[in-house]
There are 2 protein chains.
Amino acid sequence: MDDALAFSALVLALSGQLVQEIHARVSQQGFEDLRPAHGFAFARISLGGATTADLAEHLGVTKQAAAQLVEELVRKGYVVRHPHPHDARARLLGLTEAGWAATRAADQAARAAVVPWREALGEARFSELVADLTRLTPPGPIRPVW
Amino acid sequence: MDDALAFSALVLALSGQLVQEIHARVSQQGFEDLRPAHGFAFARISLGGATTADLAEHLGVTKQAAAQLVEELVRKGYVVRHPHPHDARARLLGLTEAGWAATRAADQAARAAVVPWREALGEARFSELVADLTRLTPPGPIRPVW
DNA sequence: TCTTCATGGACAAGTTGCTTGTCCATATGG
DNA sequence: CCATATGGACAAGCAACTTGTCCATGAAGA
C-alpha cells in the first residue's frame with residue numbers, strides 16, 4: 001500500500017546510481033574532464049543535425065547554458081562547430097574523434113551498468129520493463145529537476 | 001539489444017518526471033516555498049531522531065549544505081531544533097505542524113504520480129517491480145549526481 | 001583522571017552551473 | 001519591404017552547493 005512512496009524514492013535512487021556508475025566508468029576510461037550531462041549532449045549531437053538551440057531543448061536548459069556547455073566541449077576537443085548549410089546564423093554541431101570515443105565509452109558504460117538488471121529480471125521481463133518505460137514515460141528533457 | 005542505453009535514459013527521464021510532478025502537486029497545495037530536495041529531508045526527519053549530520057548523509061551532501069537546508073526550513077517554519085537528550089553538541093530535528101502537513105502533501109503527491117504505473121502494470125507486476133527495485137538498488141544517498 | 005582523537009555544529013569564503021537581460025545578424029512570412 | 005521570430009554571443013547575477021577553519025562536547029585508551 002505504501003509502495004507509492006517507495007517506488008518514487010527507489011526510482012530516484014536508481015537513476016542516481018546509474019548516472020554515477022556510468023560516469024565512473026567513463027571517467028575510468030580516461031575521460032576525466034567530462035560530467036554526466038555531457039554524455040546526454042553527445043547522445044544528441046551524435047544523431048547529427050543538432051544546433052546549440054536543439055541541444056538546449058534536449059537537455060532542458062536555456063540556450064545560454066547549452067552554449068556554455070558546447071563551448072566547453074569545443075575547448076576540450078570533443079565537439080566542432082560547422083557552418084550550417086542553409087542558415088548563416090546557425091552552427092551545426094559535430095563530434096571529433098575524441099567525441100566519438102567518449103560516446104562509445106558512455107554506451108559501453110551504460111550497458112555494463114544495466115547488466116545486473118538484465119540478469120535479475122531475465123531478458124523477457126527486462127524487455128517488457130523497457131517497453132513499459134517507453135510507453136509510460138512522456139518524452140521530455142533529460143534533466144534532473146532538483 | 002540496444003535496450004541498455006534506452007533503459008538508463010528512460011529511468012533518468014522517469015525520475016525527473018516523478019520529481020517534477022510531485023513537486024508541482026506539492027506546490028499547488030500551497031507549499032510554494034519548498035524545493036524537491038526538501039521533501040526528502042522531511043521524509044528523514046519524520047522518522048525521528050535525525051540530526052543535521054544524519055540528514056547530510058541521507059541526502060548525500062556535506063553537513064554544511066544540510067545545515068543550510070535545515071536553517072532555511074527552520075526559518076520558514078517547517079522544522080524545529082530540539083536539544084539532544086544525551087548529547088549536548090547535537091540538536092534533534094523535528095517537524096512543526098506545517099512540516100507534517102507538507103510531508104503528508106508530498107506523500108499524497110507521490111501516490112498520485114505513481115497511479116499511471118499501478119494501472120498500466122497491474123498490482124501484481126507493480127509489486128514485483130518495487131520488489132526488484134528494492135533488491136537491486138543499493139541503499140545510498142537520495143541525490144541526483146549530475 | 002588525563003590525554004587524545006572523533007564528532008556535531010557554526011561561520012566564512014569560494015566555486016560552479018545555471019539563470020535573466022540585452023544585443024546583433026539572419027531568416028521567414030505577410 | 002517590413003515586422004516579427006530565431007540562432008547565437010556577451011555580460012552580469014544568483015543559488016546551491018563546496019572547501020577550509022574553528023569550537024564545544026563526547027568517547028576511548030593509558
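A, B, ... follow the sequence lines: proteins, then strands. Residue 1 opens every chain. Computed from a predicted structure; not experimentally measured.
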Under-3.5 Å donor-acceptor pair between A/Q68 side chain and C/dT19 base: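 Present.
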Mark yes or no for a side-chain to base donor-acceptor pair under 3.5 Å between A/Q64 and C/dG17, with no hydrogen or angle criteria applied.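 Between C/dG17 and A/Q64, which were checked side chain against base, a qualifying N/O pair under 3.5 Å is absent.
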Flag the pair B/R104 and B/E97 as a salt bridge only when some basic side-chain nitrogen lies within less than 4.0 angstrom of an acidic carboxylate oxygen.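 A salt bridge links B/R104 with B/E97.
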In numerical order, the residues of residues 72-84 of chain B whose heavy atoms come under 4.0 Å of DNA chain C are none
I need the [X] [atom1] to [Y] [atom2] distance, nearest 0.5 Å.
| X | Y | atom1 | atom2 | answer |
| --- | --- | --- | --- | --- |
| A/H23 | A/E32 | NE2 | CD | 9.5 Å |
| B/L129 | A/L10 | CG | CG | 9.0 Å |
| A/L73 | A/Q68 | CG | CD | 12.0 Å |

With a cut-off of less than 4.0 Å, is there a side-chain N or O of A/T52 near OP1 or OP2 of D/dG7? no
Under 4.0 Å between a side-chain N/O of B/R35 and OP1 or OP2 of D/dA16, yes or no?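 For B/R35, the contact criterion (side-chain N or O under 4.0 Å from OP1 or OP2 of D/dA16) is met.
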Rounded to whole Å, CG of B/L55 lies from C1' of D/dC17 at a distance of 15 Å
Please give, in whole Å, the distance from C/dC18 C1' to A/E71 CD?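 Answer to the nearest Å: 16 Å.
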Between [options], which nucleotide has the shortest distance from any of its atoms to the side chain of [X]?
| X | options | value |
| --- | --- | --- |
| B/T51 | C/dG9, D/dG8, C/dT19 | C/dG9 |
| A/A53 | C/dC18, D/dG7, C/dG9 | D/dG7 |
| B/K63 | C/dG9, D/dA12, D/dG7 | C/dG9 |

Is it the case that over 12 heavy atoms from other parts of the model lie below 6.0 angstrom from the [atom1] atom of [X]?
| X | atom1 | value |
| --- | --- | --- |
| A/E57 | CD | no |
| A/Q108 | CD | no |
| A/E128 | CD | yes |

Could you go over nucleotides 26-29 of chain C and give all protein N or O partners under 3.5 Å, atom names and distances?
residue : atom : partner : partner atom : Å
C/dT26  : O2   : A/R89   : NH1          : 3.3
C/dA27  : OP1  : A/A88   : N            : 2.6

Under a 3.5 Å distance rule, please check whether B/T96 uses its side chain to pair with a backbone N or O of B/Y78 as donor and acceptor. yes
Residue pair B/L133, A/W117: steps toward the side chain to side chain contact (heavy atoms under 4.5 Å, CB included) verdict: CA-CA 9 Å; B/L133 280 164; A/W117 283 86; 3.5 Å; yes
